[in-house]
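These notes are about the structure you will find just below.
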Amino acid sequence: LLLLLLLLLLLLGFVNVSFLHASFPPSLIEDMAKIVMDNYCSPEKLVGMKEDIAAASNNTEVLSIPDGESLANILSSGVQTTVSDPRVKVSYEPNYVPVVHPEMPNLPAEQLVAVLQTSIKLDLLEGNIGYMRIDHILGEEVADKVGPLLVDLVWNKILPTSALIFDLRYTSSGDLSGIPYIVSYFTEAEPVIHIDSIYDRPSNTTTKLLSMSTLLGERYSVSKPLIILTSKNTKGIAEDVAYCLQNLKRATVVGEKTAGGSVKIDKFKVGDTDFYVTLPTAKSINPITGSTWELTGVSPDVEVDAEDALATAIRIINLRAQVPAIIEESASLIANNYAFESIGADVAEKLRELQANGEFSTVVCKEGLETKLSADLQTLSGDKSLKTTTNTPALPPMEYSPEMYIELIKISFHTDVFENNIGYLRFDMFGDFEEVKPIAQIIVEHVWNKVVNTDAMIVDLRNNLGGPTTAIAGFCSYFFDGDKQIVLDKLYDRPSGVTTELLTLPELTGVRYGSKKSLIILTSKATAGAAEEFVYIMKKLGRAMIVGETTAGASHPPKVFPVGETNVFLSIPTVHSDTSTGPAWEGVGITPHIPAAADAALEVAKGIFNKHLGGQQ
Ligand SMILES: *[C@@H]1O[C@H](CO)[C@@H](O)[C@H](O)[C@H]1NC(C)=O
Ligand SMILES: *[C@@H]1O[C@H](CO)[C@@H](O)[C@H](O)[C@H]1NC(C)=O
């Protein structure tokens, strides 16, 4: 229908200048349409075309266009629009001489060598990286003839390399029968793999392309990296090779999106005229994706300008060369330092397995490696704190004036005194003991003294994300009495193997709240790390009632370890609360005594205290 409309519309423009006699045979359009109908690779797109043609071919006015080239252009755009395919072309070529593909002449060996050397470029790059550029993909017949020479001159030089860059940026021609050959040199002999399916329209048959179990020469080991370079000029068979190896997860494609050509383009003469129809007569359907690169092109795994593709490929290969050492070093660090020894050993072993199974062999950049390693570590351990991290050097300590400290403390802590003399204290981060010590007096004056003389207290940790645990013993101590020391927790430090007791401090700045007055701690699922350790201790010792949600289940603050000499860093929790029955709260969180949604927890806590304290009056 589109074809018809287009022809009619175009005709309108020509009516005024139309010559009254037809310059071209009336059968032209019908003959052309028949060629398309019988040969175009996607017959499903031609539904309805038959009727359009019949109608259009009655309309001979278009044929009165005197100039063949103009008519060919009109017909071209008509057909292209009908099938939505710019690969279909109509041309007018009175002087066209069909290219006859001659049989491969029996050239003497020296001449064959010369031919191969001009069409195949070979190089050995630093780091034992092979480079091979092939601008025309040979078919089976030619490959059979030059095979031994190819193996000898080219392939045997590639085989000992530890990675290969296969440059298809300039490859725009090739023969379908060459696909199984090339692909098979990069796959294993067994099992035979279904590489591609080719539907051939003229014969209306689909052929499966299978990998070959016997080949001349050796295969390139599947454990070695293969990078294919592409450009927007990579076309046809080369696109198929890139797409097949990409989807078999054998190659990483680096460069530009390819042309979106065809596995087979043929040219047909229309009847006795000088018009020709060029169109794709076969199409590839990839068995893995069920789809094709034709028309759309192959999307590279790493998209860069064609001119930058080689340098990018070299970077990828160099990164991949480091991966085994990075994974091994990571596994050792985790096995030797992770807080829970048996989990650490298990994670290390499974990480090594992932590496052995080639799970990291497709990384293309350091960030990608870190993201994958992080995700794997968290999956294997169930610990969100075991991950890769960036090593941001600690900022030099700020020089604060006493006034600035006071301001800082005022915004870091929130206090209030509610009805019935109920104190409220909120802070969202634990500080380091050594950093808190010099300003303890200021905190006592501006924060603690506002709530210390209350009858009961609510400590709000719903937004407390943790921080260092060094100040926890000190903070806990305010809620116990000074006359006897209490063991708050036992902390096992994996790297040193030492278990330390966490004790209340005998001396504190300011006045204690003491052990008698009621205390409620508010939690949410965001309450994490050091805050969980505090909640855990106060719950375990029966010193506080916990109201809110189960806490995050994070861990004691992790330490940062550099992975070898690389720029990769691991965050590894190294300390855990020591219980005889496994993890205390790490990974699982602490359940509240009184469950309440985080945003309702404060009202619940006030209600409990009001009932209790209000009732006493
Ligand atoms: C084409 O023209 C012939 C003869 O003039 C007529 O019989 C036929 O119905 C026409 N076909 C269409 C599709 O218009
Ligand atoms: C192609 O062959 C199938 C059967 O294999 C048949 O159903 C279909 O009609 C044929 N298509 C054409 C265009 O001949």
Side-chain angles (χ1 to χ4, degrees), residues 1-7 25-59 62 72 74-91 98 101 139-140 174-180 183 192-212 235-237 239-240 243-244 247 260-273 275-297:
L1 188 72
L2 279 170
L3 176 72
L4 175 66
L5 283 177
L6 204 97
L7 289 175
S27 60
L28 175 66
I29 293 175
E30 209 166 348
D31 290 346
M32 184 195 84
K34 186 160 166 42
I35 291 170
V36 175
M37 303 274 289
D38 292 347
N39 297 285
Y40 180 61
C41 64
S42 297
E44 72 279 1
K45 286 199 200 166
L46 302 175
V47 174
M49 190 168 163
K50 208 169 200 162
E51 293 70 38
D52 297 352
I53 301 297
S57 57
N58 264 10
N59 188 338
V62 71
I74 291 168
L75 295 174
S76 248
S77 37
V79 175
Q80 283 175 8
T81 311
T82 305
V83 294
S84 320
D85 189 340
R87 298 172 301 177
V88 184
K89 288 186 184 97
V90 181
S91 55
H101 289 284
E140 188 176 4
D175 194 297
L176 235 170
S177 61
I179 296 170
V183 171
V192 167
I193 323 166
H194 180 187
I195 299 171
D196 198 8
S197 288
I198 306 289
Y199 170 71
D200 179 71
R201 173 62 190 92
S203 63
N204 191 28
T205 52
T206 301
T207 311
K208 281 185 179 181
L209 301 188
L210 303 174
S211 63
M212 303 166 71
K235 199 168 182 183
I237 301 304
E239 295 182 271
D240 201 56
Y243 193 74
C244 289
N247 285 299
S262 164
V263 277
K264 198 158 182 280
I265 298 267
D266 285 314
K267 190 164 185 170
F268 299 85
K269 189 174 170 72
V270 183
D272 267 343
T273 70
F275 288 93
Y276 293 85
V277 178
T278 305
L279 45 66
T281 55
K283 68 176 170 184
S284 147
I285 305 126
N286 186 280
I288 296 168
T289 64
S291 180
T292 182
W293 47 269
E294 296 191 17
L295 283 171
T296 58

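Throughout, numbering of the chain's residues begins at 1 and tracks the sequence. For ligands, and for the atoms within them, numbers begin at 1 and follow the listed sequence. Everything numeric in this text was worked out from a predicted model, so none of it was measured.
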query = Are any non-hydrogen protein atoms located under 4.0 Å from atom 4 (C) of ligand 2?
reply =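 Given the 4.0 Å cut-off, atom 4 (C) of ligand 2 does not count as touching protein heavy atoms.
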ask   = Is there a protein heavy atom less than 4.0 Å away from atom 9 (O) of ligand 2?
value =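 There is no protein heavy atom less than 4.0 Å from atom 9 (O) of ligand 2.
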key: atom 11 (N) of ligand 2: the protein heavy-atom neighbour that sits closest, reported with distance to 0.1 Å   =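 The closest heavy atom on the protein side is Asn204 ND2, 3.1 Å.
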If you measure only the distance, is there a donor-acceptor pair under 3.5 Å linking the side chains of [X] and [Y]?
X	Y	result
Lys283	Ser42	yes
Thr289	Tyr243	yes
Asp266	Thr281	yes

key: ligand 2 versus Arg201: contacting region, heavy-atom distance under 4.0 Å   =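 Within the 4.0 Å criterion, Arg201 contacts ligand 2 through side-chain atoms alone.
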ask   = Between the side chain of Lys235 and the main-chain N/O of Gly261, is any donor-acceptor distance below 3.5 Å?
value =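 Here the side-chain-to-backbone pair does not exist.
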